[in-house]
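Worth knowing before you read on, the calculation uses all heavy atoms, side chains too, and leaves out hydrogens, waters and symmetry mates. When a ligand or atom number is given, it counts from 1 through the structure's own listing order.
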Amino acid sequence: MNHWAVQTDLSGAVDSALRHLQETQAPDGSWHGDYGGPVFLLPTLIAATHIIDEPFDRETEQDFIRFFKHNQNADGGWPLHINGRSYVYTTALCYVAQRLLGVPAEDLDLQRGRSWLLEHGGAANMPPWGKFLLALLNLYHYDGVLPVPPELWLLPAAFPAHPSRFWCHSRMVYLPMSYLYGIRAQAPLAPDIRSLREEIYCEPFDEVDYRASQMRCAPSDIHTPFSAGYRLMNRLLNAYEAVARKGLRERANAFVLDHVRQEDENTNTICIGPINKVLNMLCWHFAEPRGERVARHRRQLPEYLWKGPNGTHMQGYNSSKLWDTAFAVQAIRATGRMAEARDTVHRAHGYIDRNQVLEDTPHRARYFRDPSKGGWPFSDRNHGWPISDCTAEGLKCAIALGDHVAEPIAGERLDDAAALILGWQNADGGWPTYEKARAPSWMEALNPSLVFADIMIDHSYVECTSACVQALISYRDQGVNPEIGKRIEKAVARGRAFLLKRQHADGSWMGAWGICFTYGTWFAVSALRAAGLSADSEPVSRAASFLVSRQLPDGGWGETIESCWRGEYASSPDGQVVMTSWAVLSLLQSDMADSEPVRAAVRFLQERQRADGSWPDETFTGVFNRTCAITYDNYRKVFGLWALAAAETRLNAEAKARGSAP
Ligand code: LAN
């Protein structure tokens, strides 16, 4: 019997999902969607534009307020990410931001927010980043800010805790922070600030014990407590701050400002991420008031904004365009309808072609940068920071599209990408996000954020490793010289060993950037299969058993962000399209490819699909630093299509094997 016959019109479902994907392609060839979710970014931006006195137009500001109102929790507080529980960090920031936007303190929602805040210890109970921002606004005393002296940058680079060894996102936040701290940057004490001082603390502003509150934080906000090592270091930093000499401070400030300038120039003032974007802008506001550099930053800011149905907010990156486009291309390819989708594919190829990084950053060693030439970024080439897995997905697409486009990307550019990937592999066989490991793992203990985990160094990740392994294999398979071939073979073997070591006892892999085990498992299984493991090999079979054990009665899979911070599978009550698609894509590569669980999952995907080929919005699928959820708007249409297409391919292959039409 043909088990697949139960799937009514699978090819029709693929057709309509493909049509929907094609219809939503942007004119530049990419897929562009909301990259939101975090709630702490927008208030940070509003504080900064307030400090530089360059607010947004009234209409946009009203839309910011709409975002805040929409995302206020029933208890009165604000969450770290949309739909999360309340944090003191975001509650204080969202309260302050709305006041700066002109919402009166008597506003009923703000009153509820203030009550929640004061019940949870007030703004002196915020985690360090929040206090730092309040200090910039002149709403908090610098005595209560964890010292971040710029002089650390002047230490010999060989020093193991030198900031050049931090994960680039933390490094690029710490950089402008150390400048602003070094000069004790502070907005003037305007009347709105004066009244806010009386609204957000449990005690009168001048009676807050700032020094004692340096390390104080509400339990609701603590994910990674201060380590003993950090406490000791913080004592040393405070002692240093008490004796810091002016001459050295000025030298350090100049050094830091030069690095801020270089980051701005490398990224066309986009900066690596939203927080350092805002802080770099503030550096220039204080260093060169009303100068061209701060103006350029301010002009560029709207690129980070997204106007959604529930208000305008600040996104986690300037976009996720390259990443989404690379997956869209692979989903289309899985349909086997490249010829039908020719124009779409051409335009997507154009985007991938135009957005490869073609040169290293200037004086890269002096500015602590790895090579960039040949890499692909997450958003676009203007941003410029290449990422291991984005490079890998870009390379996979460039190779896959080589036969389908008139002007394939030149071979030397593919060579550069492959060389970059090879150069990024860590000693443990895994791949990091942006940069090869620069520091020992104990440095993670110096994480001062409390709110986030795994931010101090660039660790090796399952997803990055998997993408790099797959890309190297595709690159090798199109023919390389024996010497490179040998290097790739070794790199792949080490990557494979890394992945096998990371498999959990239950057969799963934990993802770090998607939620969560369904994501990690899909990446790992895909790489292991590409690297030669068979569908019935023990690791792949165990992964399949794990997935089947987590399938929900509706035929789907669904995970919540709890999976990420608990490190244990946390199921949602109902199946979710994206997680179900990841599970299907994994199972189809296993010895369970032809099984009732897969058929039930495909039925689930078909049932959830709307008439126009799309799927309705669901829970978050992305995460960072284990605690903050982030939206991948395009994942439903991309992975939904990919999973259905892979199932259809399988069905056709079976029919062919039996010598009958499907
Ligand atoms: C991203 C976005 C892309 C993401 C992938 C490429 C998907 C991933 O496979 C590797 C890690 C990476 C590059 C990533 C890392 C952390 C980022 C940069 C983000 C999730 C986007 C926003 C986040 C950044 C740290 C947010 C700013 C907040 C701070 C705590 C600094």
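- The distance between the ring centers of F68 and F64 does not fall below 6.0 angstrom.
- For K373, the NZ atom counts as loosely surrounded, since its 6.0 Å shell holds 12 or fewer non-hydrogen atoms of other residues, nucleotides or ligands.
- In this structure, the protein non-hydrogen atom closest to atom 15 (C) of ligand 1 is W513 CZ3, 3.5 Å.
- For ligand 1, the atoms closer than 4.0 angstrom to any heavy atom of I387 are 13 (C).
- Taking the six-membered ring for Trp and the full ring otherwise, the centers of W642 and F639 sit less than 6.0 Å from each other.
- In summary, the aromatic rings of F452 and H223 are positioned with their centroids too far apart to meet the 6.0 Å limit.
- Protein heavy atom at the shortest distance from atom 2 (C) of ligand 1 is Y35 OH, 3.2 Å.
- Only the side chain of C390 comes within 4.0 Å of ligand 1, counting heavy atoms alone; its backbone N, CA, C and O stay farther away.
- Side chains of Q576 and T619: a donor-acceptor N/O pair is present below 3.5 angstrom, by distance only.
- Using a 4.0 Å cut-off between heavy atoms, Y632 contacts ligand 1 through its side chain alone, with no backbone atom that close.
- Enclosure of atom CZ in R502 by more than 12 non-hydrogen atoms of other residues, nucleotides or ligands within 6.0 angstrom is indicated.
- By the 6.0 Å and 45° rule, R369 stacks over the aromatic ring of W385.
- Protein heavy atom closest to atom 9 (O) of ligand 1, with residue, atom name and distance, is D389 OD2, 2.3 Å.
- Contacts between W167 and ligand 1 below 4.0 angstrom, taking non-hydrogen atoms only, involve the side chain exclusively.
- With respect to atom 31 (C) of ligand 1, the closest heavy atom belonging to the protein is W129 CH2, 3.5 Å.
- Close approach of ligand 1 to F452 (heavy-atom distance below 4.0 Å) involves ligand atoms 30 (C).
- Checked against a 6.0 Å centroid threshold, the rings of H169 and F624 do not count as neighbours.
- Not a single heavy atom of E463 sits under 4.0 Å from any atom of ligand 1.
- Regarding atom 22 (C) of ligand 1, its nearest protein heavy-atom neighbour is G316 O, 3.4 Å.
- Taking the ring centroids of W513 and Y461, they lie under the 6.0 Å cut-off.
- Every atom of ligand 1 with a heavy atom of T433 under 4.0 Å away is listed here by number and element: 10 (C), 11 (C).
- Residue G273 places every heavy atom at 4.0 Å or more from ligand 1.
- Proximity of the aromatic rings of W78 and F40 is defined here by a centroid distance below 6.0 angstrom, and this criterion is not met.
- Under the 4.0 angstrom criterion for non-hydrogen atoms, Y461 is not in contact with ligand 1.
- Distance remark: protein heavy atom present below 4.0 angstrom from atom 11 (C) of ligand 1.
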